[in-house]
2 protein chains.
Amino acid sequence: MGTKSKLTASEAGYLKLIYRVQEEESGKVGTTAAARAFGVRPATVAEVLRNLARKNLVRRRPYRGVELTPQGVAEARKLLRKHRILEVLFVGLLGLSPESACEEASKLDYYVSEELINAICRSSNHPKTCPCEKVIFEDPACCGAGGKKK
Amino acid sequence: MGTKSKLTASEAGYLKLIYRVQEEESGKVGTTAAARAFGVRPATVAEVLRNLARKNLVRRRPYRGVELTPQGVAEARKLLRKHRILEVLFVGLLGLSPESACEEASKLDYYVSEELINAICRSSNHPKTCPCEKVIFEDPACCGAGGKKK
DNA sequence: AAAAATTTTAGGTGTTCCCTAACTTTCTTC
DNA sequence: GAAGAAAGTTAGGGAACACCTAAAATTTTT
């Protein structure tokens, strides 16, 4: 029990945000800030957070904030891997600007299968970073690990 | 009034199916057959069809079947354009088999923006058909029309 | 310590998507 | 052409999602 239920689309959004701000920038995401970022009310954010906690992806200390559990970190990395590999494709092959690439990737990352992402990863030569230099996490199923491509 | 409300994901699925079978193959999609194709009950199909009719995308003659309205045709073509351009990308650039390309495209076509599709279209040199030879409809916003690329 | 800002709960709404049960219409087949 | 089988339809529900407002609790600021 615990890791069974799948993420919903909006939960995925919060997970990505929390990971980016808290794990990558050592910042802190407040409920209100997150609400503004997603264009919803704080109460809505609180609710999603509660659901993420029920799924064991974040730990919540009421009024103090949330932090990702190890499973939450793993899940966020899967999503950000997808997001960033899509960005590589959109900028590198399709010639989008990094900004539109990010926007488009945000709309899709949640829906894209790992198989497709790995196909893109392979055909892009297993990039280590996205167009804005953020790290692309490795997927053992892809090959990345042990690879030498720079 | 009529063309305002957006399609839902499942409505998009039926629209694609109806177009493919009825407009491209001159066949007929029965409620039960559609239900089997989507893994749901016939009653569910009937309901979606009713909603498509409310949105003026199909015309329904109870117990006789549905046919697409001009708006329904336009909408289906937009979706199938996306679907098939994604297939081109997946097969041509990523090396997927036509079958997996189709599967992956089905999961994504509804969510992909027209801008992104047109970027892919451009970078693929405005293909006229998908990997399985089905026509890719043109989008005036892309360039296709009047273009000479074969 | 009061005022301001933030966060959380409680309780609701609308949409989507799916279901079962019961009924109607159409198609078969004798 | 009537009876039974098959296909399609409505009516009525239910669960999950993604929102919201209003009110209460808890920081934080001044």
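Proteins get letters first, then strands, A, B, ... in listed order; numbering begins at 1 in each. Excluded from the calculations below are hydrogen atoms, water molecules and symmetry mates; all remaining heavy atoms, backbone and side chain alike, are included. Since this is a predicted model, take the numbers as computed values, not measurements.
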Basic-acidic side-chain contact under 4.0 Å: B/Glu75, B/Lys55
no
Output the rounded distance in Å from CG (A/Leu49) to P (C/dT6).
17 Å
Does a side-chain N-to-carboxylate-O contact under 4.0 Å join A/Glu138 and A/Lys128?
yes
Verify, without hydrogens or angle tests, whether B/Thr69 (side chain) and B/Leu57 (backbone) share a donor-acceptor contact under 3.5 angstrom.
yes
Could you go through nucleotides 21-23 of chain D and list every protein N or O atom that sits under 3.5 Å from one of its N or O atoms, giving the distance for each pair?
{"from": "D/dT21", "atom 1": "OP2", "to": "A/Arg41", "atom 2": "NE", "distance (Å)": "3.4"}

From the list A/Leu89, A/Ile117, A/Thr129, A/Val135, side-chain contact (heavy atoms from CB on, under 4.5 Å) with A/Arg84 holds only for A/Val135
Please determine whether a side-chain nitrogen or oxygen atom of B/Ser10 lies at a distance below 4.0 Å from atom OP1 or OP2 of C/dT16.
no
Here the distance between atom P of C/dT16 and atom CZ of B/Phe38, to the nearest Å, is 17 Å
Can you identify which nucleotide, out of D/dA7, D/dC19, D/dT9, has its nearest atom closest to the B/Thr32 side chain?
D/dA7
OP1 or OP2 of C/dC17 less than 4.0 angstrom from a side-chain nitrogen or oxygen of B/Thr8, does that happen here?
yes
Does B/Thr31 make a side-chain N or O approach to OP1 or OP2 of D/dT9 shorter than 4.0 Å?
yes
When rounded to whole Å, the CD to P distance for the pair B/Glu11 and C/dT15 reads 12 Å
May I ask you to list the residues of residues 58-69 of chain A, by number, that have any heavy atom positioned under 4.0 Å from an atom of DNA chain D?
A/Tyr63, A/Arg64
What is the separation between atom CG on B/Leu52 and atom C1' on C/dT15, rounded to the nearest whole Å?
15 Å
B/Lys28 NZ to D/dG8 P: how many Å, rounded?
6 Å
Does any N or O in the side chain of A/Thr31 come within less than 3.5 Å of the main-chain N or O of A/Ala46, such that one atom is a donor and the other an acceptor?
no
Please check if the distance between the ring centroids of B/Tyr110 and A/Tyr111 is under 6.0 Å.
no
Return the value, rounded to whole Å, for the distance between atom CD of B/Glu47 and atom P of C/dT15.
13 Å
Please tell me which of the listed nucleotides, C/dG12, C/dT9, C/dC18, lies nearest to the side chain of A/Arg50?
C/dT9
Whether B/Lys78 and B/Asp139 form a salt bridge (side-chain N of Lys/Arg under 4.0 Å from carboxylate O of Asp/Glu) is what I want to check.
no
Is a donor on one side and an acceptor on the other found under 3.5 Å between the side chain of B/Ser106 and the backbone of B/Cys102?
yes
B/Phe137/B/Tyr19 aromatic ring centres below 6.0 Å
yes
